[in-house]
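Hydrogens, waters and symmetry mates are skipped; everything else that's a heavy atom, side chains included, is used. Predicted, not measured: the structure shown is a model, and the values here were computed from it. Order of the sequence lines fixes the chain letters, A, B, ..., with proteins taken first and strands second; residue numbering starts at 1 for each chain.
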Amino acid sequence: MSSEPDPPAMAAISLWAGVACPNAAGRRSLDDFAALIQEFEALQGSMAFEDEPSAFEYALRAEAETGA
Amino acid sequence: MSGLAELSVTAAADAFAKGEATAEAMVQACLDRIEAHDVQVNAVIRLDAAAALEAAAAQDKARAGGAKPGPLSGVPMMHKDMYYRAGKVSTCGSAIRRDFVPTVTATALQRLDAAGAIDMGTLNMAEFAQNPTGHNAHYGDCHNPWGLPYCTGGSSSGSGAGVAARFFAAALGSDTGGSIRLPASICGVTGIKGTQTRVPRTGVMPLSFSMDNVGPLTRTARDAARIMTIISGSDGIDPTAAPEAVPDYEAALTGDLRGLRVAVPHEWFFDSADDIVMTGFEAALEVLKARGATVDFVACPSLRAIGAYVAVVSRVEGATIHANWMREHPGDYAIHLSGRLYGGYAIPGTYYLEALSRRGALLRQFCKEAFAGHDIVATPTLRMRVPTLAETDIDVDAVANWARHMAVSANTRPFNYLGLPTVSIPCGFDDRGLPMGLQLAARPFGEGRALMVADAYQQDTDWHARVPALAATTPAAP
């Protein structure tokens, strides 16, 4: 395990999910989050107030191959 | 007839139907291949040799008695060890489920059984279908038949390696982020994931309920078309399965690409791509053009958002369903899997719900960008040459190998978020002799279109027909 201080995400995971960091790979997996947060920040404003998960099944049919 | 293990699905079924080969002889030929070479490849988890030979003999007897053969009669198959068959162990590639015996049989297996396929057993896979390389710490890594130090792709590692090695004619895999298309590309075979909701998932181990797909790995697009026709369509049990009628995909394989418009996205799929991959992809496009297709580069700015959202959905869903085991015995997972699952607990619910909520709008946007003036999207299946098992082993060195390991599925993941039917077919070999893949995606429910293009390509090329030269080995004494 790294000698670096534990990132805040580890405390949050322990508090909310009761899961302990299993190994160095687990710690490494948290390193991706800075980039993920940046990507979500860049998308702020793109979600419409009415968007919801069930729109996906509707879109599958609306965009279906003609004659399929 | 010689080379029975090399027969494709349709060739094997035809040979059986015409009385040119017995089911027993075809199964025995595959068992002989497995006995000779699986010590190198490690594709098999459980071999049901006696039961397969018994089923084959029963089919031969029925045919001799005048019974009409099914579309898969006599065809030897094996499947990723996450398709439940009642009363048989399904390990899911894990230690945790080493002794798990389901009480149900997967709808896909029931449909293959009814079509006459002979199930010879179960196949190696990434643990709980959760890595793109095929590493497995519990049952041993699966090895690429084209080069044993190289990875097979995952998570359907045994399915890809076994079809390539001629251990069986076809196998079911599953695809949540590329797990059918990656081993298909990396092992030089054909693989398809259908439209999200096209094939019922009843009796199949879950990973991510939003993005899991059932599909076959085969040697030809025609084989994939036959199997998709058989396994697709609602079963009345899986509430997510689409009720739309299933066309005869095989009947649509006309080979006619005149007027076909192929779109190649500018964005995403070529970021840091290896030169040899680009060369192989461009050559594949020339084959399509020679049959009458036109090719255009198109702008798909939606891919930036798709790339961000897809990273969240399966990770959160996978972490959620594994939470009890992660709390109670995390040490029973491979290092890379518990590590990957762990990060999923830190992703906020608002991110997850945003990713799911944007999916419909982004599918519409992508279709407008890519399909408004085009029929099919083409990309390389992998951006990189096939890596070795050592280069992508994050159990050994998570820090050094993490980025390379995760990059393997960069080109396949977007189509899981979009839910589009997508095929991977072999399109050449890299400078180290490892296969490369061409990925073809169609509009929702356009499996027939994608398979038609793939079949047309295979009519003019022989990459899919090449056989890896595995050295003969003597099995170790029991």
Side-chain angles (χ1 to χ4, degrees), chain A, chain B residues 195-197 210 240 242 244 247 304-305 307-309 311-312 315 319 323 326-327 330-331 333 335-347 351 353-364 366-368 371 375 394-395 398-399 402 406 419 421 442-449:
Chain A
M1 299 285 281
S2 168
S3 58
E4 300 280 317
D6 290 349
M10 290 175 68
I13 291 172
S14 177
L15 176 65
W16 286 97
V19 174
C21 184
N23 48 46
R27 192 183 180 101
R28 170 64 184 82
S29 75
L30 303 179
D31 293 348
D32 296 340
F33 288 154
L36 181 66
I37 291 167
Q38 280 188 348
E39 289 171 356
F40 268 66
E41 283 177 349
L43 294 168
Q44 285 174 3
S46 60
M47 183 171 164
F49 185 69
E50 292 82 4
D51 281 345
E52 59 174 279
S54 62
F56 174 65
E57 281 73 23
Y58 184 79
L60 278 178
R61 292 186 169 84
E63 299 295 337
E65 175 93 13
T66 306
Chain B
T195 305
Q196 192 72 44
T197 72
S210 296
T240 69
E244 278 82 355
R304 183 173 62 101
Y309 289 140
V312 165
R315 208 162 173 191
M326 280 291 286
R327 280 188 284 266
Y333 291 100
I335 291 169
H336 72 268
L337 178 51
S338 58
R340 182 175 184 277
L341 289 169
Y342 178 69
Y345 301 105
I347 297 173
Y351 273 33
L353 198 51
E354 179 180 335
L356 283 184
S357 298
R358 293 285 293 141
R359 202 176 178 196
L362 283 166
L363 171 58
R364 286 172 173 274
F366 182 83
C367 286
K368 188 175 177 184
F371 292 118
D375 307 299
I394 55 175
D395 284 347
V399 175
W402 187 273
M406 300 308 289
R443 279 183 174 275
F445 301 100
E447 284 83 356
R449 172 92 69 177

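- Counting heavy-atom pairs closer than 4.5 Å to chain A, the top-ranked of the candidates B:Leu341, B:Val312, B:Leu337 is B:Val312.
- Between A:Phe33 and B:Ala346, the shortest heavy-atom distance links the atoms CE1-CB, 3.6 Å.
- There is no contact between B:Ala319 and chain A, counting heavy-atom distances below 4.5 Å.
- Contact tally against chain B (heavy-atom pairs below 4.5 Å) for A:Ala62, A:Ala9, A:Gly26: the top residue is A:Gly26.
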So between chain A and chain B, what donor-acceptor pairs come in under 3.5 Å?
{"unit_1": "A:Ala17", "atom_1": "O", "unit_2": "B:Arg327", "atom_2": "NH1", "d": "2.6"}
{"unit_1": "A:Asn23", "atom_1": "ND2", "unit_2": "B:Ile335", "atom_2": "O", "d": "3.3"}
{"unit_1": "A:Asn23", "atom_1": "ND2", "unit_2": "B:Ser338", "atom_2": "OG", "d": "2.9"}
{"unit_1": "A:Ser29", "atom_1": "O", "unit_2": "B:Arg315", "atom_2": "NH2", "d": "3.3"}
{"unit_1": "A:Ser29", "atom_1": "OG", "unit_2": "B:Gly339", "atom_2": "O", "d": "3.1"}
{"unit_1": "A:Ser29", "atom_1": "OG", "unit_2": "B:Gly343", "atom_2": "N", "d": "3.4"}
{"unit_1": "A:Asp32", "atom_1": "OD2", "unit_2": "B:Trp402", "atom_2": "NE1", "d": "3.2"}
{"unit_1": "A:Ser46", "atom_1": "O", "unit_2": "B:Arg358", "atom_2": "NH1", "d": "3.3"}
{"unit_1": "A:Asp51", "atom_1": "OD2", "unit_2": "B:Arg358", "atom_2": "NH1", "d": "3.4"}
{"unit_1": "A:Arg61", "atom_1": "NE", "unit_2": "B:Glu244", "atom_2": "OE2", "d": "2.6"}
{"unit_1": "A:Arg61", "atom_1": "NH2", "unit_2": "B:Glu244", "atom_2": "OE1", "d": "3.4"}
{"unit_1": "A:Glu63", "atom_1": "O", "unit_2": "B:Arg443", "atom_2": "NH1", "d": "3.0"}
{"unit_1": "A:Glu63", "atom_1": "OE1", "unit_2": "B:Arg443", "atom_2": "NH1", "d": "3.0"}
{"unit_1": "A:Glu65", "atom_1": "N", "unit_2": "B:Pro444", "atom_2": "O", "d": "2.8"}
{"unit_1": "A:Glu65", "atom_1": "OE2", "unit_2": "B:Arg449", "atom_2": "NE", "d": "2.7"}
{"unit_1": "A:Glu65", "atom_1": "OE2", "unit_2": "B:Arg449", "atom_2": "NH2", "d": "2.8"}

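- For the options B:Gly343, B:Ala355, B:Pro330, B:Gly446, heavy-atom pairs under 4.5 Å to chain A are most numerous at B:Gly343.
- Only the backbone of A:Ala20 comes within contact range of chain B, judged by heavy atoms closer than 4.5 Å.
- Using a 4.5 Å cut-off on side-chain heavy atoms (C-beta onward), B:Leu363 and A:Phe56 make contact.
- Options A:Pro53, A:Ala59, A:Ala55, A:Ala42 differ in how many heavy-atom pairs under 4.5 Å they form with chain B, and the most are formed by A:Pro53.
- Ranked by heavy-atom pairs under 4.5 Å with chain A, the first of B:Gly448, B:Pro247, B:Ala305 is B:Ala305.
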